[in-house]
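Reading through the structure tokens given below for one structure.
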Amino acid sequence: MSAAKIKGIKIDWEVTRHELAEVEGIPLTKKMCDRWDKIWGFQAKPDDLLIATYVKAGTTWTQEIVDMIQHDGDTEKCKRASTSERQPFIEWVLHETLTPGWEKAEAMPSPRTLKTHLPVQLVPPSFWEQNCKIIYVARNAKDNVVSSYHFHRMNQIMPEPGTWEEFLEKYMAGKVVWGSWYDHVKGWWKAKDHHRILYLFYEDIKENPRHEIQKISQFLEKDLEKEILDKIVHHTQFEIMKENPMANYTMVPPEIMNHKISPFMRKGAVGDWKNYFTVAQNERFDEDYKKKMAGTSLTFRKELSGGTDSPLYH
Ligand code: PPS
């Protein structure tokens, strides 16, 4: 039995890796599937902002950028609580004894900013009915799978990843929580033509954060003075966020997230996949990728020309 603390609340339950089940053919944790009626019936409000991503695509980064924009670059206000308290993760059920994401959202005053990893077809219909603004962030599949692999290792409630080789196979087959990366990014790409969706790329934010932050602020209809923009660019850099306990998930008890195995803020880079894929894995992945991504206009960059030390990164 492990005893853990979240926000000072002592919890006594065995930390075990969540089992997978399915909703409409999409693997989700069994805990989410068991409460699916609550998630599907979630009531969005017209002034809700939803940040949607495939897991490990830059969600936390975008959440911090958005919070900073909404609070005019006031870093103290953005340290009022951890990411998951500031911007509830609507479908998330960590444990039966803890408040699920949708209830945290229900308890929040408007305007609310919410997070989801759901594929577009599983987003609660009220978000479309209320015409909510949505920011979607996508990250290239190779860096995404590497980040996800390490996240599964460090997060003791995510399903067992197995070896890197095994995890890569599961990822390619879409047998992971929130389903196929390929279908996720394509589904949201199509949806952006019919809804108020700002579709962003992790690689673009990394290459030119100032430009992408401005795009987000325009989407949120918020003018940013140069000084505030400078502050947001600075505060949301990887190195700064890595040290920010309200954004780096060190508030989560180590029984659940073990940052010694791999920190949540791991590398924050584009192109780290090259340190993991063997030549054979890369060839196989590329061949399969071509098939799965055939017929879409969606393209990704898997490296940046300036390299990871480019001044454009900061
Ligand atoms: S989660 O669990 O789905 O919410 O994770 P998510 O936040 O989507 O993704 C975590 C990865 O994003 C990296 N990250 C950043 N990169 C660059 N700059 C900033 N500021 C930043 N903040 C978070 C984080 O390090 C994870 O990527 P990897 O490749 O594992 O380092």
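Ligands are counted one by one from 1 in listed order, and the atoms in each one are counted from 1 as well.
- Backbone and side-chain nitrogen or oxygen atoms of Lys56 are examined, and one is located within less than 3.5 angstrom of a nitrogen or oxygen of ligand 1.
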Carefully, step by step, assess Arg266 and Met154 under the rule side chain to side chain contact (heavy atoms under 4.5 Å, CB included).
CA-CA 11 Å; Arg266 196 182 56 88; Met154 69 84 77; over 6 Å; no
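- Using a 4.0 Å cut-off between heavy atoms, Ser147 contacts ligand 1 through both its backbone and its side chain.
- Here the protein heavy atom with the shortest distance to atom 7 (O) of ligand 1 is Thr60 OG1, 2.5 Å.
- With a 4.0 Å cut-off on non-hydrogen atoms, Thr236 touches ligand 1 through its backbone and not its side chain.
- Atoms of ligand 1 found under 4.0 Å from any heavy atom of Gly58 (numbered from 1 in listed order, with element): 6 (P), 8 (O), 9 (O).
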Applying side chain to side chain contact (heavy atoms under 4.5 Å, CB included) to Met257 and Phe264, what does each step give before you reach the verdict?
CA-CA 8 Å; Met257 285 196 187; Phe264 182 94; 4.2 Å; yes
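- The shortest N or O to N or O distance between Ala57 and ligand 1 is below 3.5 Å.
- A salt bridge is absent between Lys38 and Glu106: the closest approach of a Lys/Arg side-chain nitrogen to an acidic carboxylate oxygen does not fall below 4.0 angstrom.
- Summarising the contacts of atom 16 (N) of ligand 1 with Phe264, Phe238, Tyr202, the nearest heavy atom is found in Tyr202.
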Between side-chain atoms of residues 290-297 and protein atoms elsewhere (two or more places apart, or another chain), which donor-acceptor pairs fall under 3.5 Å?
residue, atom, partner, partner atom, Å
Lys292, NZ, Met172, O, 2.7
Lys292, NZ, Asp288, OD1, 3.0
Lys292, NZ, Asp288, OD2, 2.7
Thr296, OG1, Leu298, N, 3.0
Ser297, OG, Trp189, NE1, 2.9

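- For the 3.5 Å distance criterion, the side chains of Trp164 and Gln281 qualify, holding a donor opposite an acceptor.
- Annotation for ligand 1: atoms under 4.0 Å from non-hydrogen atoms of Phe151 are 2 (O).
- Not a single heavy atom of Lys242 lies less than 4.0 angstrom from ligand 1.
- Contact annotation for His117 and ligand 1: only side-chain heavy atoms (C-beta onward) come within less than 4.0 Å of the ligand.
- Contacts between Arg139 and ligand 1 below 4.0 angstrom, taking non-hydrogen atoms only, involve the side chain exclusively.
- Close contacts between ligand 1 and Met265 involve ligand atoms 22 (N), 23 (C), 25 (O) [criterion: under 4.0 Å to a heavy atom].
- Close approach of ligand 1 to Thr59 is summarised as follows: ligand atoms under 4.0 Å from at least one heavy atom of the residue are 1 (S), 3 (O), 4 (O), 6 (P), 7 (O), 8 (O).
- Residue contacts with ligand 1 for Met241 involve side-chain atoms from C-beta outward but no N, CA, C or O (heavy atoms, distance under 4.0 Å).
- By the 4.0 Å N-to-carboxylate-O rule, Lys56 lies too far from Asp143 to be salt-bridged with it.
- Remark: ligand 1 atoms within the under-4.0 Å shell around heavy atoms of Gln237 are 20 (N).
- Per-residue contacts place Val55 under 4.0 angstrom from the following atoms of ligand 1 (heavy atoms of the residue considered): 3 (O).
- The shortest separation from a heavy atom of Lys115 to ligand 1 is under 4.0 Å, placing the residue in contact.
- Contact check on Lys222 versus Asp72 returns a salt bridge, with a Lys/Arg side-chain nitrogen under 4.0 Å from an Asp/Glu carboxylate oxygen.
- Not a single donor-acceptor pair under 3.5 Å links the side chain of Glu203 to the backbone N or O of Leu304.
- Look at Glu212 and Lys206 and you find no salt bridge, because none of the NZ, NE, NH1 or NH2 atoms lies under 4.0 Å from a carboxylate O.
- The closest donor-acceptor contact from the side chain of Arg17 to the backbone of Ile157 lies at 3.5 Å or more, if one exists at all.
- Under the 4.0 Å criterion applied to side-chain N and carboxylate O atoms, Asp74 and Lys231 are not assigned as salt-bridge partners.
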